[in-house]
Each structure stands twice: as structure tokens, then as C-alpha cells.
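In what follows, chains carry the letters A, B, and so on, assigned in the order in which the sequence lines appear, proteins first and then strands, with residues in each chain numbered from 1.
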There are 2 protein chains.
Amino acid sequence: MTRSRAQDPNVCGVTAAIAVIDGKWKTSLLWLLESGPHRPGELRRRLAGLSEKVLTQALREMEQDGLVHREVHDVLPPKTVYSLTAFGRDLAKALDALAEWGHRRLDRLRVSEAAS
Amino acid sequence: MTRSRAQDPNVCGVTAAIAVIDGKWKTSLLWLLESGPHRPGELRRRLAGLSEKVLTQALREMEQDGLVHREVHDVLPPKTVYSLTAFGRDLAKALDALAEWGHRRLDRLRVSEAAS
DNA sequence: CAGCATCCTCTACGATACTG
DNA sequence: CAGTATCGTAGAGGATGCTG
């Protein structure tokens with residue numbers, strides 16, 4: 001997704017929501033964190049291709065947006081745990097309807113490619 | 001939104017849905033078309049900053065994705081009308097939950113900026 | 001191991017000029 | 001008026017090296 005979306009008054013809520021899940025990895029992170037707290041290392045292992053820089057950046061933005069809680073244990077080696085806030089969990093739930101529609105789309109694609 | 005999102009199996013449906021509304025203007029177009037068929041000129045007038053090229057490109061993609069129907073009247077001056085398909089209307093409905101969450105976020109932002 | 005800084009690439013989007 | 005073609009640009013995201 002491209003960062004700066006239309007701020008048209010017509011789209012109101014949708015735009016505000018998408019602004020927050022915008023970026024290549026945020027929906028995936030939301031999904032993973034929905035199943036419980038995770039450490040950065042785990043997240044990277046699960047998401048092949050996600051660089052250290054981009055992960056941190058995404059998590060920081062999600063933290064600022066109130067979706068994610070960051071818990072730093074001041075030990076050696078460093079340990080940080082990320083988890084979803086209630087607000088973040090609500091967003092994940094709001095995505096369920098979208099996911100359902102998406103599955104219908106995937107079914108369609110499967111059918112049309114089977115026909116070729 | 002950036003075009004190429006994660007194709008992680010974990011995100012399945014959500015990714016498939018977002019792929020289709022990805023781009024700066026598609027959600028706005030979906031919103032406008034939800035209220036009825038529109039001609040390209042009308043759409044551009046409503047969405048300030050949307051260039052001719054990008055509009056056509058977005059509509060073509062949405063047509064390919066089965067969200068939009070394109071009806072060409074072969075007259076002079078040219079007349080084309082775009083409308084949502086049933087599939088497209090379903091997507092718009094699926095976005096309702098997201099919109100609701102988005103409004104909650106906007107309320108939050110309003111509160112936090114009022115506090116400053 | 002968590003995280004920051006730097007450089008580079010790629011592409012969606014914008015601007016402009018032009019056809020039928 | 002609908003649509004195409006071309007060029008230029010900003011910024012997200014990838015790669016790499018370095019710190020505590």
C-alpha cells in the first residue's frame with residue numbers, strides 16, 4: 001500500500017482504519033500478534049523477507065497508533081515482547097469481514113484459473 | 001498502499017481483499033460508486049487531485065478484479081458509465097466493520113489532541 | 001538479540017501533451 | 001469527453017554494517 005491515501009471526507013472511517021494497517025507487513029503482524037505476545041526474533045522468523053529495520057519501524061508505528069504494546073525487559077541479552085492492545089484486537093476483529101470477502105475472491109480466482 | 005503486499009499464508013483472506021482496494025483512490029471510488037453509476041468526469045470532479053491517468057488505471061484494475069462494470073456508449077462525445085458489480089457491493093459492505101473501527105480511532109485522535 | 005544509521009532500488013502516483 | 005503515452009518524482013521497503 002502506498003503510505004499517503006486520499007483524505008477524502010467521503011471515505012472517513014475506512015481511510016482512518018487503512019492508514020493504520022498500511023504497509024506491507026502490518027496485517028501479517030496483526031495476525032501473528034493476535035495469537036499472543038511475540039518477541040521480534042520470532043516475528044522475523046515467521047515472516048520470511050521481513051528485514052530488521054522494517055519490522056521495528058512497523059511495530060513502532062503500530063505502537064504509536066495504539067495497536068501494540070511494547071514491553072522492554074532490561075536484561076542481557078536484550079528482551080522485548082510485543083503484544084496487541086484491546087484496541088488492536090478490535091481492529092483484528094473488524095478485519096474478519098474483509099477476510100471472508102477475500103476468501104470468496106480467492107475461490108473465484110481458483111475457478112477462473114482452473115478454466116484455463 | 002504499496003502494491004506488493006506479503007503473500008503470507010497466515011493473512012490469507014485479508015491480503016486478498018486488500019490487494020484489491022490497494023492504491024490511493026480505490027476505496028474512494030468504491031464509496032462513490034456505491035451510491036450509483038458514475039461517469040469518469042463526475043468521479044474526477046468529486047475527487048480533487050485524481051488525475052485522468054490514475055483514474056482510468058484504477059478503474060481498469062477494479063474492472064479486472066470484478067468490482068466494477070464498464071459500460072461504453074459509442075457516441076460523440078464519448079460516454080462511459082462505471083457501476084459496481086454485486087461483488088463490488090459486497091466488498092463495500094465488508095468494509096463497514098473497518099469503517100466503524102476507523103471512526104473510533106478518529107474519536108481517539110480528537111480526544112488526544114484536545115488534551116494538548 | 002534488539003535496534004539504529006546509511007545507501008539503494010523500485011514503483012505508484014503526478015504532470016503534461018496528445019488522439020478519436 | 002474518454003483514453004493513451006511519456007517523463008519525472010517521492011517515499012516505502014530491501015540490504016548491509018554497526019552498537020550496547
Side-chain angles (χ1 to χ4, degrees), chain A residues 1-8 11 15 18-30 32-33 37-65 68-83, chain B residues 1-8 11 15 18-30 32-33 37-65 68-83:
Chain A
M1 323 175 168
T2 315
R3 181 62 24 185
S4 58
R5 317 204 114 249
Q7 324 84 321
D8 195 274
V11 273
T15 304
I18 292 188
V20 146
I21 56 171
D22 210 0
K24 192 173 176 178
W25 302 98
K26 289 192 185 170
T27 50
S28 304
L29 290 171
L30 211 62
L32 286 177
L33 291 174
H38 286 268
R39 298 180 55 183
E42 306 174 48
L43 295 172
R44 283 202 41 212
R45 243 167 280 132
R46 303 253 196 160
L47 299 175
L50 172 55
S51 76
E52 178 55 61
K53 187 195 82 173
V54 176
L55 172 64
T56 311
Q57 186 179 301
L59 288 171
R60 288 284 195 286
E61 287 173 10
M62 293 169 79
E63 191 190 1
Q64 271 212 328
D65 292 330
V68 157
H69 174 67
R70 184 181 177 223
E71 186 185 344
V72 181
H73 298 78
D74 208 348
V75 294
L76 276 180
K79 176 174 179 178
T80 309
V81 179
Y82 291 94
S83 54
Chain B
M1 321 174 170
T2 314
R3 181 62 26 185
S4 58
R5 316 203 115 252
Q7 323 83 321
D8 195 274
V11 273
T15 304
I18 292 189
V20 145
I21 56 170
D22 211 359
K24 192 172 176 179
W25 302 99
K26 289 191 185 170
T27 49
S28 304
L29 290 172
L30 211 63
L32 287 177
L33 290 174
H38 285 270
R39 299 179 56 181
E42 305 173 49
L43 294 172
R44 283 203 38 213
R45 243 168 281 132
R46 303 252 196 158
L47 298 175
L50 171 55
S51 76
E52 177 55 58
K53 187 194 83 172
V54 175
L55 172 64
T56 311
Q57 186 179 302
L59 288 171
R60 288 284 194 286
E61 287 174 10
M62 293 170 80
E63 190 189 2
Q64 272 212 327
D65 291 329
V68 157
H69 174 66
R70 183 180 178 225
E71 185 186 344
V72 181
H73 298 77
D74 208 347
V75 294
L76 276 180
K79 175 174 178 178
T80 308
V81 179
Y82 290 95
S83 55

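One interatomic measurement links the two molecules: CD of A:E61 to P of C:dC4, which rounds to 13 Å at whole-angstrom precision. The interatomic distance linking B:R39 (CZ) with D:dC1 (P) rounds to 8 Å, in whole Å. As a whole-Å value, the separation of B:K24 NZ from C:dG14 C1' is 8 Å. Taking atom CD1 of B:I18 as the reference point, atom P of D:dA12 lies 17 Å away to the nearest angstrom. Rounded to whole Å, atom P of D:dA12 lies 16 Å from atom CE of A:M62. In this entry the distance linking CG of B:L55 with P of D:dT4 reads 11 Å, nearest Å. Rounded to whole angstrom, the span from the NE2 atom of B:H73 across to the P atom of D:dA2 amounts to 12 Å. Nucleotide D:dG3 holds its C1' atom 13 Å from the CD atom of B:Q57, rounded to whole Å.
When every heavy atom of A:I18 is checked against every heavy atom of B:T27, the shortest pair comes out as CD1-CG2, 3.7 Å. Counting all heavy atoms, side chain and backbone alike, A:K26 lies closest to A:I21 at CB-O, 3.8 Å.
Among residues at least two apart or in separate chains, salt bridge (Lys or Arg N to Asp or Glu O under 4.0 Å) pairs with a member in residues 50-59 of chain A are A:R44-A:E52.
With sequence neighbours excluded, the residues that form a side chain to side chain donor-acceptor pair (under 3.5 Å) with A:E42 are A:H38. Residues passing the side chain to side chain donor-acceptor pair (under 3.5 Å) test with B:E63: none are found, sequence neighbours excluded. With sequence neighbours excluded, no residue satisfies side chain to side chain donor-acceptor pair (under 3.5 Å) with A:S51. Take A:R45 and apply the side chain to side chain donor-acceptor pair (under 3.5 Å) test, not counting sequence neighbours, and it matches no residue.
Applying the 4.0 Å criterion to OP1 and OP2 of D:dA2, one finds that B:T56 has every side-chain N and O outside that range. The side chain of B:R60 contributes an N or O atom lying less than 4.0 Å from OP1 or OP2 of D:dT4.
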## Note on the structure
Contact string for nucleotides 15-20 of chain C, one letter per nucleotide 5' to 3', B = base within protein heavy-atom range under 4.0 Å, S = sugar-phosphate only, - = neither, reads B----B
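Each of A:L50 and B:Y82 was matched to the nucleotide of DNA chain D holding its nearest heavy atom; the match closer to the 5' end belongs to B:Y82.
End-to-end axis angle of the helix from C:dC1-D:dG20 to C:dG20-D:dC1, from C1' rotation axes over five pairs per end: 30° (rounded to 10 degrees).
Tested against B:W25 for a side-chain contact (heavy atoms from CB on, under 4.5 Å), the candidates B:L59, B:L55, B:L50, B:L32 yield a single pass: B:L50.
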Side-chain donor-acceptor contacts of residues 69-80 of chain A below 3.5 Å, not counting sequence neighbours, with atom names and distances?
{"unit_1": "A:R70", "atom_1": "NE", "unit_2": "A:Y82", "atom_2": "OH", "d": "3.3"}
{"unit_1": "A:E71", "atom_1": "OE2", "unit_2": "A:H73", "atom_2": "NE2", "d": "3.4"}

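At a threshold of 4.0 angstrom between heavy atoms, the contacts of A:R44 with the nucleic acid are absent.
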